[in-house]
S.K.: 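Input: one structure, supplied below.
Predicted model, so just to flag it, every value in this text is computed and none were measured.
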Amino acid sequence: GKRPFQGFEFNQAGIKTLTTQDLINGKNKEAGSSAANGDNEIITPVKIQDTAIGKIGVRNPDGTPISQEKRDLLISLTAQVAEALDRARLFEETELGRQEIEEQAAELSTVNEISELVSTQLNINDLVNAVGDRLIETFSANSVYIALVDEKTRAIKFPYFTNVIDGPMNMAPRSLDDKGDFTTKI
């Protein structure tokens with residue numbers, strides 16, 4: 001969800017939390033105000049694509065007015081900060097997109113490898129072992145099992161059951177009629 005606040009205002013009285021609405025409405029003196037009226041404070045909105053995402057403020061605590069040149073400098077610096085923030089945001093979005101594509105490529109590679117195993121293995125035990133081993137590798141799993149239903153005996157058999165500590169284990173078949181076992185809900 002969205003943060004309820006967007007930043008803080010610091011002054012001698014303490015710290016005030018600024019909400020998004022404070023940033024949009026700007027109760028403080030904006031950069032466009034004139035230095036001629038003795039203003040010792042300037043606050044410029046940080047905008048990305050005409051959307052205020054923050055503010056940068058400068059205040060002379062001794063009451064000395066801020067010159068128009070320094071106001072113009074702060075406006076320029078704020079624009080550069082906004083551009084840098086926007087570039088950083090775009091880079092982050094690009095990086096996240098690249099990571100997502102890499103993850104999808106790895107998933108497709110796994111699907112292709114398992115599909116190749118399925119199409120080349122004729123022995124069911126070799127197939128189950130190869131698929132189980134690949135699942136452990138792909139998911140960095142501590143434990144993997146493959147459960148298959150045997151309709152003739154009404155049982156679930158576990159031709160592959162392993163964990164990284166104990167290695168391969170033999171699991172007894174479970175009856176399909178056993179209502180208390182989550183595996184029987186296949």
S.K.: Return the set of residues passing side-chain hydrogen bond (donor to acceptor under 3.5 Å, both in side chains) with Asp50 (not counting sequence neighbours), or none when no residue passes.
M.R.: none
S.K.: What distance separates Ile101 CD1 from Leu108 CG, expressed to the nearest 0.5 Å?
M.R.: 11.5 Å
S.K.: How far does CG of Asn60 sit from CD of Glu41, to the nearest 0.5 angstrom?
M.R.: 10.0 Å
S.K.: Quick one: CG on Leu127 to OG1 on Thr120, what's the gap to the nearest 0.5 Å?
M.R.: 8.0 Å
S.K.: Any side-chain heavy atom of Pro159 sitting closer than 4.5 Å to one from Leu148?
M.R.: yes
S.K.: Can you name the residues that form a side chain to side chain contact (heavy atoms under 4.5 Å, CB included) with Asn125, not counting sequence neighbours?
M.R.: Asn123
S.K.: What distance separates Ile114 CD1 from Thr138 OG1, expressed to the nearest 0.5 Å?
M.R.: 6.0 Å
S.K.: Tell me, with the steps shown, if Asn142 and Asn163 meet side chain to side chain contact (heavy atoms under 4.5 Å, CB included).
M.R.: CA-CA 5 Å; Asn142 292 331; Asn163 69 50; 5.6 Å; no
S.K.: Any chain of hydrophobic side-chain contacts (each under 4.5 Å) joining Leu122 to Val118?
M.R.: no
S.K.: Quick one: salt bridge (charged side-chain N to carboxylate O under 4.0 Å, His left out) pairs with a partner in residues 141-151, sequence neighbours left out?
M.R.: Asp150-Lys157
S.K.: Give the cluster check for Val149 versus Met171: same hydrophobic cluster or not, with ILVMFWY residues linked at side-chain heavy-atom distances below 4.5 Å.
M.R.: yes
S.K.: By salt bridge (charged side-chain N to carboxylate O under 4.0 Å, His left out), which residues pair with Arg87, not counting sequence neighbours?
M.R.: none
S.K.: In terms of hydrophobic clustering (I, L, V, M, F, W, Y; side-chain heavy atoms under 4.5 Å; direct or indirect links), are Val111 and Ile136 co-clustered?
M.R.: no
S.K.: Got a sec, which pairs hit salt bridge (charged side-chain N to carboxylate O under 4.0 Å, His left out) with one end in residues 120-144, sequence neighbours left out?
M.R.: Glu113-Arg134, Arg134-Glu137
S.K.: Side chains of Gln68 and Asp72 only: does a donor on one sit below 3.5 Å from an acceptor on the other?
M.R.: yes
S.K.: Please find the pair of heavy atoms, one from Tyr160 and one from Gly132, that lie closest to each other, and give the distance.
M.R.: OH-C, 3.2 Å
S.K.: Roughly how far, to the nearest 0.5 Å, is the CE atom of Met169 from the OG atom of Ser143?
M.R.: 6.0 Å
S.K.: Tell me, please, which residues at least two apart from Glu69 pass side chain to side chain contact (heavy atoms under 4.5 Å, CB included).
M.R.: Ser67
S.K.: Side chains of residues 77-86: which donor-acceptor pairs under 3.5 Å do they make with residues two or more places apart or in other chains?
M.R.:
from, atom 1, to, atom 2, distance (Å)
Thr78, OG1, Thr44, OG1, 2.6
Thr78, OG1, Leu74, O, 2.7
Asp86, OD1, Arg89, NE, 3.0
Asp86, OD1, Arg89, NH2, 2.5

S.K.: Partners of Glu100 by salt bridge (charged side-chain N to carboxylate O under 4.0 Å, His left out), sequence neighbours excluded?
M.R.: none
S.K.: Could you pull out the closest heavy-atom pair between Asp39 and Arg71, with the gap in Å?
M.R.: CB-NH2, 3.0 Å
S.K.: Got a sec, which residues hit side-chain hydrogen bond (donor to acceptor under 3.5 Å, both in side chains) with Glu95, two or more places apart in sequence or on another chain?
M.R.: Arg98
S.K.: Looking at Ile66 and Val58, what are the two nearest heavy atoms and their distance?
M.R.: CD1-O, 3.7 Å
S.K.: Find the distance between CZ (Phe139) and OG1 (Thr110) and round it off to the nearest 0.5 Å.
M.R.: 7.5 Å
S.K.: Quick one: name the residues clustered hydrophobically with Ile165, using the 4.5 Å side-chain heavy-atom rule over I, L, V, M, F, W, Y, and just say none if it's on its own.
M.R.: Val164
S.K.: Is any side-chain heavy atom of Pro65 closer than 4.5 Å to a side-chain heavy atom of Asn40?
M.R.: no
S.K.: Quick one: list whatever passes side chain to side chain contact (heavy atoms under 4.5 Å, CB included) with Leu96, sequence neighbours left out.
M.R.: Glu92, Gln99
S.K.: Going by the rule salt bridge (charged side-chain N to carboxylate O under 4.0 Å, His left out), which residues pair with Glu103 if we only count those two or more places apart in sequence or in a different chain?
M.R.: none
S.K.: Could you check whether any side-chain heavy atom of Asn170 comes within less than 4.5 Å of a side-chain heavy atom of Phe161, counting everything from C-beta outward?
M.R.: no
